[in-house]
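Below you'll find the structure, written out as structure tokens, and then a few comments.
When a residue number appears, it is its place in the shown sequence, counting from 1. Values in this document were obtained by computation on a predicted structure and should not be read as measured data. Quick note: numbers below take in every heavy atom, side chains included, and nothing from hydrogens, waters or symmetry partners.
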Amino acid sequence: MGSPRKSDKKAALDFAAWGFNITSSVGIIMVNKALMATHGFSFATTLTGLHLLTTTLMTIVFRWLGLSQPSHLPLPDLIKFVIFSNLSIVGMNVSLMWNSVGFYQIAKLCMIPASCLLEVVFDRVHYSRDTKLSIMVVLVGVAVCTVTDVSVNAKGMLAAVIAVWSTAFQQYYVHYLQRKYSLNSFNLLGHTAPAQAGSLLLVGPFVDYLLTGKRVDHFNFTSLSLLFVVLSCIIAIGVNLSQFICIGRFSAVSFQVLGHMKTVLVLFLGFLFFGKEGLNLHVVLGMILAVLGMMWYGNASAKPGGKERRSVLPVRSERHNGGSEDKDGGEK
């Protein structure tokens, strides 16, 4: 009787983790879209630094309240993680600036095969035929939804390659570090968020100036635009925390595949709130295909042999670093 209850508890926690991530991610995209399109705040890298600064404050408060236990992350691992994360953020922003929207979306889709390759090479993960096919269905569905004009140039291609691989390594590293050092999401954020916030707030204004030709310190804040910045930072706490929870409970590949539900929801909400321009039959069919692919992936990867890890990563024995969200977590 204990096993079904544990399985039900895990399923409920998995669903809550995904719901938390999807809700917060869609929310921040809609808020940032209003902030940038309506209020003209186009400083994406600096805004990400503010997001991580707010997240750092959250981890400090949690530690002060005793909700997060002391933990250790070696400096070399922290430096590598920050490099991958910051390259991912800057690379995605530069890729969007230098490439057409269509090629930018194709680059984002390439993160799934890149993440799969990292898991195959480093963790010796084996995917069943159904799992591979379901990933292909998701990729095709999202591509139909989002890819329109596609034009390529050399510097845009370089930015896209850097963005794809740095994002894949960053997400793989989230899962790797949590398993290797028995860190829960709060612990890992407590180590990484301050370093990321400091580095991005230092270089962010310069990157944004190179991308937009505008200086963030010259931006004319209004009370409404400032409210949107604050709201974006608050929601970012949920985005950062839920990303670490989801990748820790599952894997970078599952996070990428099922995470495309956010793409579908953002498209749907965009049509709902910002007008139906661009909404046509092939976009609707692509959205349906992507959702069906995600459902297939969830089912296929959960079956025996659907996704198997054939190597075991040594884990530190300090169990006090673990958190409640990890105890019932399993890889998918």
Side-chain angles (χ1 to χ4, degrees), residues 14-15 17-30 33 88 92 95-96 99-120 125 127-152 160-161 163-165 167-168 171 239 242-243 246-247 250-303 306-307 332:
D14 289 348
F15 181 80
W18 280 119
F20 184 25
N21 179 255
I22 289 173
T23 303
S24 58
S25 297
V26 172
I28 202 170
I29 289 171
M30 303 308 289
K33 185 171 183 178
S88 170
M92 293 303 293
S95 177
L96 181 59
N99 292 309
S100 65
V101 175
F103 187 75
Y104 172 77
Q105 292 294 345
I106 289 176
K108 287 180 67 177
L109 291 175
C110 289
M111 291 175 191
I112 294 179
S115 295
C116 287
L117 183 60
L118 291 182
E119 288 192 353
V120 170
V125 169
Y127 297 93
S128 68
R129 185 190 64 176
D130 281 0
T131 303
K132 295 174 184 176
L133 289 175
S134 65
I135 291 174
M136 289 299 300
V137 171
V138 173
L139 292 174
V140 170
V142 176
V144 170
C145 288
T146 59
V147 177
T148 51
D149 61 309
V150 179
S151 58
V152 186
V161 169
V164 167
W165 282 107
T167 302
Q171 294 184 354
V239 174
S242 64
Q243 181 193 36
C246 285
I247 296 178
F250 308 105
S251 70
V253 173
S254 293
F255 181 75
Q256 283 284 346
V257 174
L258 300 180
H260 277 298
M261 178 62 75
K262 293 175 283 189
T263 304
V264 175
L265 283 174
V266 168
L267 281 172
F268 176 76
L269 293 174
F271 293 137
L272 191 64
F273 293 113
F274 297 101
K276 293 182 173 57
E277 182 181 354
L279 180 62
N280 52 48
L281 181 60
H282 88 269
V283 170
V284 173
L285 290 176
M287 293 166 71
I288 294 172
L289 187 62
V291 172
L292 291 176
M294 292 172 210
M295 294 170 62
W296 187 12
Y297 174 84
N299 182 58
S301 62
K303 289 181 178 178
K307 182 180 178 183
K332 286 186 180 178

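- Ala114 and Ala168 make their closest contact through CB-CB, 3.9 Å (heavy atoms, listed as atom of the first residue, atom of the second, distance).
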Indicate every side-chain donor-acceptor pair of residues 132-139 with a distance under 3.5 Å to a residue at least two apart or in another chain.
| from | atom 1 | to | atom 2 | distance (Å) |
| --- | --- | --- | --- | --- |
| Ser134 | OG | Asp130 | O | 3.3 |
| Ser134 | OG | Thr131 | O | 2.7 |

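- Cys110 pairs by the side chain to side chain contact (heavy atoms under 4.5 Å, CB included) definition with Ile106, Val164, not counting sequence neighbours.
- The shortest distance between side-chain heavy atoms of Gln256 and Thr167 falls below 4.5 Å.
- Counting only heavy atoms from C-beta outward, the side chains of Val257 and Trp296 never approach each other to under 4.5 Å.
- Under the side chain to side chain donor-acceptor pair (under 3.5 Å) criterion, Ser25 pairs with no residue, sequence neighbours left out.
- Pairing each heavy atom of Ile28 with each of Val239, the nearest pair is CG2-CG2, 3.9 Å.
- Between Cys246 and Phe20 there is no side-chain heavy-atom pair separated by less than 4.5 Å.
- Residues meeting the ring-ring contact (aromatic ring centres under 6.0 Å, His included) test with Trp18, sequence neighbours left out: Phe250.
- Every residue meeting the side chain to side chain contact (heavy atoms under 4.5 Å, CB included) condition with Leu285, not counting sequence neighbours, appears here in chain and number order: Leu281.
- Note: Gln171 CD to Ser115 OG = 5.5 Å, rounded to the nearest 0.5 Å.
- Across all non-hydrogen atoms, the minimal contact from Met111 to Ala163 is CE-O, 4.3 Å.
- With sequence neighbours left out, the side chain to side chain contact (heavy atoms under 4.5 Å, CB included) criterion links Val291 to Met261, Val264, Met295.
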